[in-house]
Amino acid sequence: MRVIFLGTPEFAVRVLDAINNSEHKVCAVITQPDRINGRNKKTITGAVKSYAIEHGIKVFQFEKISIEGEETLRSLNPDIMVTCAYGQILKQNILDICPIINVHASLLPKYRGSSPVQWALINGEKEVGVTIMKTELGIDTGDMLLKESTVLKGDENSEEVLSVLSEIGARLIVKALDIIESGTAKWEKQDESKATHCKMLSKADGKIDFSESALRIKNFIRGMTPWPGAFTKTEKGILKILKADTAESSGGDINGEVVVSDPKKGLIVKCGEGYLDLKIIQNENGKAMDSKAYLLGHKISVGSVFGD
RNA sequence: CGCGGGGUAGAGCAGUUCGGUAGCUCAUCGGGCUCAUAACCCGAAGGUCGUGAGGUUCAAAUCCCACCCCCGCAA
């Protein structure tokens with residue numbers, strides 16, 4: 001089938017690659033417009049765009065696809081379109097062009113919306129997965145065709161999980177295209193009563209609440225890493241936490257109080273329930289590093305309190 | 001021209017205000033001590049201080065200029 005692929009970030013690349021290496025033909029890629037990094041004015045090219053250029057696939061970028069894209073898409077004469085973390089919502093005029101399916105990184109109907117993996121980790125889910133379903137006006141509400149899950153070890157962050165899920169997505173999308181082409185697709189309605197929708201995350205959501213249990217905070221950090229990032233505040237400013245684990249310890253009266261701070265033992269903080277060993281941290285101007293290395297050159301006194 | 005921090009030994013940092021032989025902690029190597037240790041003691045090695053046959057100077061990690069790279073905020 002002639003496929004138009006709509007996607008933008010790294011997660012979508014493996015999926016695109018799988019289609020490109022299958023019997024199906026990717027006749028064009030649609031991706032978000034290039035963004036300019038405010039810090040150094042350099043243009044950031046999305047991962048999907050880079051792939052497409054490298055493999056000689058036509059690329060189109062629209063500010064608003066539903067307004068600017070319809071004619072172009074029709075002229076490409078696609079049999080089907082595949083959306084995968086594209087970043088824009090399709091309006092009816094686009095949906096009318098041809099059948100469209102979506103690759104979504106959750107086990108629908110749970111975790112509809114824009115950051116399903118982050119939320120699944122934050123909530124401590126033991127199992128995550130990928131669903132292939134129809135793209136329609138509602139966000140991630142379409143009838144489902146294929147679904148596959150995977151079990152987590154319990155310490156992966158969202159980047160690592162996304163990587164695993166993109167491989168599953170890559171497998172499923174080719175299978176889905178084959179099924180649809182053969183005309184044997186069986187679509188399953190989503191159970192609305194079990195549906196959950198996750199809200200879009202922003203940097204401000206990354207603030208750690210040390211009154212929560214150590215396990216919850218650990219999961220929170222897993223979900224928020226690497227984006228939008230989890231952080232707390234110290235006397236010296238913001239401290240990002242990229243990895244942490246629950247730990248055995250004692251002492252401390254206040255949630256967020258540092259009970260261990262030593263280049264050999266690490267950095268341990270009291271939580272609402274239990275203790276959290278901060279493994280990888282990063283201060284405002286520095287690189288992410290092991291907390292033990294951090295403590296070789298920075299002082300954090302036992303008894304100081306994180307949080308603000 | 002959105003705001004700001006940084007590049008010094010393998011790692012993490014100090015030293016730059018006010019130029020004058022480069023320092024701390026850890027790691028490494030050698031030796032010692034201990035029933036034992038995330039333990040301790042003694043010693044050693046390791047750096048063209050991001051780049052520029054740049055500028056100023058008797059003298060530059062430090063002051064001036066240009067460029068490269070990394071990072072936080074804001075978008």
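Below, chain A is the first sequence line, B the second, and so on; all start at residue 1.
The nucleotide G72(B) finds its pairing partner in C3(B), both defining distances of the Watson-Crick or G-U wobble pair being shorter than 3.5 Å. Base pairing analysis places A22(B) opposite nothing; no Watson-Crick or G-U wobble pair with both distances below 3.5 Å involves it. Nucleotide G43(B) is matched to C29(B) when pairs are restricted to Watson-Crick or G-U wobble geometry with both distances under 3.5 angstrom.
Within residues 227-247 of chain A, the residues that place at least one heavy atom under 4.0 Å from RNA chain B are, in residue-number order, Lys240(A). Near RNA chain B, defined here as any heavy-atom distance below 4.0 Å, the residues from residues 287-304 of chain A are Lys287(A), Met289(A), Ala293(A), Tyr294(A), Leu296(A), Gly297(A), His298(A), listed numerically. If you check residues 274-282 of chain A against RNA chain B, the residues with a heavy atom closer than 4.0 Å are Gln282(A), listed by number.
Of the P atoms belonging to C24(B) and C69(B), the separation is 34 Å, rounded to the nearest Å. Here the separation of U57(B) from C64(B), taken at their C1' atoms, is 12 Å to the nearest Å. Here, C49(B) and A11(B) have their P atoms 16 Å apart, quoted to the whole Å. C70(B) and G20(B) have their P atoms separated by 32 Å, with the value rounded to a whole Å. Separation of the P atoms belonging to G50(B) and A60(B) is 15 Å when rounded to the nearest angstrom. Comparing the same atom, C1', in U48(B) and in A9(B) gives a spacing of 13 Å after rounding to whole Å. Rounded to a whole angstrom, the distance from the C1' atom of U62(B) to that of G30(B) is 36 Å. Spacing between G72(B) and C1(B) at atom P, rounded to whole Å, works out to 25 Å.
Not a single ring-ring contact (aromatic ring centres under 6.0 Å, His included) links Phe62(A) to another residue, sequence neighbours left out.
A close approach under 4.0 Å does occur between a side-chain nitrogen or oxygen of Lys264(A) and OP1 or OP2 of A27(B). The shortest distance between the side-chain N/O atoms of Arg39(A) and the OP1/OP2 oxygens of A74(B) is not below 4.0 Å.
Heavy atoms from other residues, nucleotides or ligands lying under 6.0 Å from CD1 of Ile53(A) number more than 12. Heavy-atom contacts from other residues, nucleotides or ligands closer than 6.0 Å to CD of Glu71(A) number 12 or fewer. Within 6.0 Å of CD in Glu192(A) there are more than 12 heavy atoms belonging to other residues, nucleotides or ligands.
Mapped onto RNA chain B by nearest heavy atom, Asn283(A) and Lys265(A) fall at different nucleotides, with Lys265(A) at the one closer to the 5' end.
In the hydrophobic clustering, where aliphatic and aromatic side chains (Ile, Leu, Val, Met, Phe, Trp, Tyr) are joined below 4.5 Å either directly or transitively, Val151(A) stands alone.
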Working for side chain to side chain donor-acceptor pair (under 3.5 Å), residues Thr225(A) and Glu159(A) | CA-CA 7 Å; Thr225(A) 305; Glu159(A) 182 176 45; over 6 Å; no
Full working for side chain to side chain contact (heavy atoms under 4.5 Å, CB included) between Leu201(A) and Trp227(A) | CA-CA 9 Å; Leu201(A) 290 166; Trp227(A) 193 90; 4.1 Å; yes
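As a whole-Å value, the separation of Glu284(A) CD from C73(B) P is 8 Å.
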Which donor-acceptor pairs under 3.5 Å do the side chains of residues 264-275 of chain A make with protein atoms, sequence neighbours left out?
{"from": "Tyr275(A)", "atom 1": "OH", "to": "Gly251(A)", "atom 2": "N", "distance (Å)": "3.1"}
{"from": "Tyr275(A)", "atom 1": "OH", "to": "Gly251(A)", "atom 2": "O", "distance (Å)": "2.6"}

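Under the side-chain hydrogen bond (donor to acceptor under 3.5 Å, both in side chains) rule, Arg112(A) has a single partner from His197(A), Gln190(A), His104(A), which is Gln190(A).
Between the side chains of Ser304(A) and Glu257(A), no donor-acceptor pair of N or O atoms lies under 3.5 Å.
Taking both residues in full, the closest heavy atoms of Tyr86(A) and Leu6(A) are given as CB-O, 3.6 Å, listed atom of the first, atom of the second, then distance.
The existence of a salt bridge linking Lys218(A) and Asp245(A) is confirmed by a sub-4.0 Å separation between a basic side-chain nitrogen and an acidic carboxylate oxygen.
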